[in-house]
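Heads up: the structure comes next, in C-alpha cells.
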Amino acid sequence: MDKFAIQGGVPLAGAVQVSGAKNSALPALAACLLTGEPVILHRIPRVRDIRTMQKLIESCGASTKAIGGAVRVQTAEIVSPEAPYDLVKTMRASSLVLGPLAARCGRARVSLPGGCAIGARPIDLHLAGLEHLGARIRQEHGYVEAEAPNGLQGGFIHFDRITVTGTEDLMMAAVLAEGETVLENAAREPEVADLAELLTRMGARIEGAGTSTIRIRGVKRLHGAEHTIIPDRIEAGTFLIAGAITGGELLVKGCVPEHLGALIVKMRQAGVDVAQESESSLRVRRTGRLTAVDATTEEHPGFATDLQAQYMALMTQAEGISFITETIFENRFMHVLELVRMGASIRTEGRQAIVAGPRELTGAGVIASDLRASASLVLAALVARGETVIDRVYHIDRGYEKIEQKLGKVGARIRRAA
Ligand code: EPZ
C-alpha cells in the first residue's frame, strides 16, 4: 500500500498544470453507452476512478482505446446492462450508468452503492426520477433493476435534494425518452453543463444545463462526437491552497477561474493574493499573515464541499477562530483527527468544525480516509515542520493525476514509498 513521505516547510514556487475534471470525465464516459458510434473524449485525467469507469462501461459492451491524451469509446451494442458490486463498491459514481443503460436498452441492473467514508450516499433520487420516466424499479439482493421494455417516456422531475450525479443520470436517461423531460431543482455544477455540452454534440436537445431547471426533448438516437473535458476545479482549488499554505507563489494554469469564485473570495478575505493572470490561469501568492474566515459548504456556485477539507488545512495557519460548516455530507470531517495529530486545534460539533489558529503543525504518521481528506493531509504536510508519512494514498490516486510530480516540480519535497 503506497505512502507519501513529505518534508514540510518549503514555500512552493512555479507553475502547475491542471488536468481534466474527474467528475466531468466520469459522466462523459457513461454517456458513451448512449450511442453505437465512436465518441472521442480529450483531457481525460489518468486517475483510478477513470480506470474503474472504463472497466465498467467495457463490461457493459463498450470498447475503449487511448489515443494520446484522448480516449475513443465505441459501444456497438450493450452486451451486459449491469454494474457489478465489485466495481460499484469502489466507486459510487458507477450509478451513472443507470440512466444511459435504461435509455439505450431498456434495462439496467446496478449494485446499490452502499456507504462510503463520507456518508450513506443513497441513490433514491436517481431511482425516483427514473420511475417518473416510466421505468419499473425493483430492489433485491443489493441490486437495483430498472426496466423500461417499451422505452422511457419524458416527464416532470423535481429533485427533493440537489444531486449532481442524480441530475446527470436523469439527463442521460431523458435524451432518448419519448417527449419532453423537465428537471427541476437540478444541480448547477459546471460538470453538469459540460455533460450537456457533450450530449448536445451527440445530437441531444437540452436547454438550461447549469441552471436549476433543465429541459430535455428526447430524440430517436444519438450519434458520435468529439469533446474536451473541462479542467478540474477541485484540483485547481487544491493547488491555490497549496501556494497559500506554504507562503509561496504558484501560477495555476489551464483552469477556469469562474469555477472557483467562492474559494477565491474566501482566500482573498483571509489575506491571500489571488489574481487572474489570463482566462485560464490564476496566480496565488501569500507572504503576510492569514486571517481566519468562516466557510459553509453549499451546492455550486456556493463553497464546494470537495474543497472543505483542503480549506480547513489552510485555516489551521490562520489567526483567529474559523467555523467550517459541512452541509452536503454527514461525515466529511475524517481529516480532522489527523490534522489534530499534526498539531492543529480543531473541535467538531455535529456538522461544524471550529478551527483555532495559527498552530504550528509538526510532521507525523497519518492515514488518508477519503479522496479530499487525503488532499488536506498533503497540504498540512507541506507546511508542517519535519516529515509526514501519509498512508493509504490510493485514496488520493482516485482523483489527483500525478500529484507528487506536479508538487515536486514547484519545490515540494514529496516522494512515494511502498
Ligand atoms: C458528486 O457526488 C461528486 N462526485 C462528489 O465528489 C461531490 O462531493 C458531490 O457531487 C457534491 O458536490 C461526482 O460527481 C462523481 P450528490 P454525488 O448526489 O453526485 C444526497 C469527489 O470528491 N443524495 O450531489 O454522489 C447525498 O447523500 C466526490 O470528487 C440523496 O440523498 O453527490 C448528499 O448528502 C466526493 N439521494 C447530497 O444528496 C440521492 O439519490 C448531495 O449528493 C442522491 C444524493
Side-chain angles (χ1 to χ4, degrees), residues 19-31 45 47-50 52-53 56 88 90-99 110 112-132 137 139 144 146 157-173 183 185-195 212 229-230 232-238 259 262-263 297-310 326-332 334-335 351 368-376 395-401:
S19 300
K22 160 182 85 83
N23 290 349
S24 188
L26 289 170
L29 287 165
V47 295
R48 238 160 60 93
D49 277 5
I50 296 301
T52 304
M53 182 57 89
L56 175 53
V88 175
T90 66
M91 185 184 66
R92 176 191 186 291
S94 308
S95 55
L96 281 166
V97 300
L98 256 176
V110 172
L112 286 166
C116 78
I118 62 178
R121 314 299 298 277
I123 57 169
D124 55 310
L125 301 174
H126 301 230
L127 303 176
L130 282 172
E131 276 185 320
H132 280 291
I137 303 289
Q139 293 192 15
V144 65
I157 294 169
H158 174 87
F159 289 104
D160 285 349
R161 271 202 77 155
I162 294 174
T163 161
V164 176
T165 50
T167 301
E168 292 164 346
D169 223 347
L170 289 156
M171 193 157 69
M172 291 190 279
L183 304 182
N185 200 24
R188 296 184 281 166
E189 270 66 8
E191 293 75 26
V192 172
D194 197 35
L195 174 63
S212 50
I229 301 292
I230 54 171
D232 194 316
R233 61 193 167 98
I234 306 302
E235 184 192 21
T238 305
H259 291 166
L263 174 68
T297 63
E298 285 170 354
E299 293 86 359
H300 193 77
F303 190 93
T305 173
D306 292 350
L307 287 169
Q308 175 259 108
Q310 299 92 312
E326 172 56 60
T327 66
I328 308 292
F329 290 109
E330 63 267 29
N331 184 32
R332 205 168 197 178
M334 308 282 276
H335 43 287
R351 295 266 183 126
S369 54
D370 62 85
L371 171 55
R372 305 305 174 181
S374 18
S376 166
H395 287 293
I396 210 160
D397 292 333
R398 293 190 55 172
Y400 288 90
E401 186 178 35

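First listed ligand is number 1; within each ligand, the first listed atom is number 1.
Atom-to-atom distance recorded for His259:NE2 and Glu189:CD is 10.5 Å, nearest 0.5 angstrom. Residue Ile123 holds its CD1 atom at 8.0 Å from CG of Asp169, rounded to the nearest 0.5 Å. Rounding to the nearest 0.5 Å places OG1 of Thr52 at 7.0 Å from CZ of Arg398.
Closest to atom 22 (O) of ligand 1 among all protein heavy atoms lies Arg372 NE, 2.9 Å. Regarding atom 6 (O) of ligand 1, its nearest protein heavy-atom neighbour is Asp306 OD2, 3.0 Å. If you check which protein heavy atom lies closest to atom 15 (C) of ligand 1, you get Asn23 OD1, 3.4 Å. Shortest contact from atom 17 (P) of ligand 1 to any protein heavy atom: Thr165 OG1, 3.5 Å. In this structure, the protein non-hydrogen atom closest to atom 26 (C) of ligand 1 is Phe329 CE2, 4.2 Å. Closest to atom 36 (N) of ligand 1 among all protein heavy atoms lies Asp124 OD1, 2.7 Å. For atom 2 (O) of ligand 1, the closest non-hydrogen atom on the protein side is Arg121 NH2, 3.6 Å. The shortest contact between atom 34 (O) of ligand 1 and any protein heavy atom is with Ile328 O, 2.6 Å.
Taking every heavy atom of His126 and a limit of under 4.0 angstrom, the matching atoms of ligand 1 come to 40 (O). When each atom of ligand 1 is checked for a heavy atom of Ile123 under 4.0 Å away, the hits are 39 (C), 40 (O). Less than 4.0 angstrom separates some heavy atom of Val164 from each of these atoms of ligand 1: 1 (C), 10 (O), 12 (O), 16 (P), 18 (O), 19 (O), 24 (O). Atoms of ligand 1 lying under 4.0 Å from at least one heavy atom of Lys22, given by number and element, are 21 (C), 29 (O). Proximity to Arg332 (heavy-atom distance under 4.0 Å) selects the following atoms of ligand 1: 8 (O), 22 (O), 35 (C). Interface of Ala93 with ligand 1, defined as ligand atoms under 4.0 Å from a residue heavy atom, comprises 15 (C). Taking every heavy atom of Thr305 and a limit of under 4.0 angstrom, the matching atoms of ligand 1 come to 8 (O), 11 (C), 12 (O). The ligand atoms of ligand 1 that sit less than 4.0 angstrom from a heavy atom of Arg161 are 34 (O), 37 (C), 38 (O).
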*Hey, mind stepping through Gln308 and Thr297 against side chain to side chain donor-acceptor pair (under 3.5 Å) and telling me if it holds?*
CA-CA 7 Å; Gln308 175 259 108; Thr297 63; over 6 Å; no

_Quick one, Thr327 with Glu298, criterion side chain to side chain donor-acceptor pair (under 3.5 Å). Give me CA distance, side-chain angles, the key distance, then yes/no._
CA-CA 6 Å; Thr327 66; Glu298 285 170 354; over 6 Å; no

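Close to ligand 1: Pro122, with a non-hydrogen atom less than 4.0 angstrom away. The closest approach between a heavy atom of Glu191 and any atom of ligand 1 is not below 4.0 Å. Contact between Gln308 and ligand 1 is absent, with no heavy atom of the residue lying under 4.0 Å from the ligand.
Residue Leu125 touches ligand 1 through backbone and side chain together, judged by heavy-atom distances below 4.0 Å. Under 4.0 angstrom from ligand 1, there are no non-hydrogen atoms of Glu299. For Arg92, every heavy-atom contact with ligand 1 shorter than 4.0 Å involves the side chain, none the backbone. In His395, neither the side chain nor the backbone holds a heavy atom less than 4.0 Å from any atom of ligand 1.
In this structure a side-chain-to-backbone donor-acceptor pair under 3.5 Å is missing from Asp194 to Ile229. Judged purely by atom type and a 3.5 angstrom limit, Thr167 uses its side chain to pair as donor or acceptor with the backbone of Ala187. Here the side chain of Ser94 pairs a donor or acceptor atom with the backbone of Met91 at under 3.5 angstrom. Of the possible donor and acceptor atoms, one in the side chain of Ser376 sits under 3.5 Å from a partner among the backbone N and O of Ala309. Side chain of Glu299 to main chain of Pro301: no donor-acceptor pair is present (N/O by atom type, distance under 3.5 Å, no hydrogens or angles).
The residues Asp306 and Arg332 are annotated as salt-bridged, a charged nitrogen and a carboxylate oxygen being separated by less than 4.0 angstrom. With respect to Arg48 and Asp397, no salt bridge is recorded, no charged nitrogen being found less than 4.0 Å from a carboxylate O. With respect to Lys22 and Glu401, no salt bridge is recorded, no charged nitrogen being found less than 4.0 Å from a carboxylate O.
Looking at Asp370 and His395, their side chains never bring a donor and an acceptor atom within 3.5 Å of each other.
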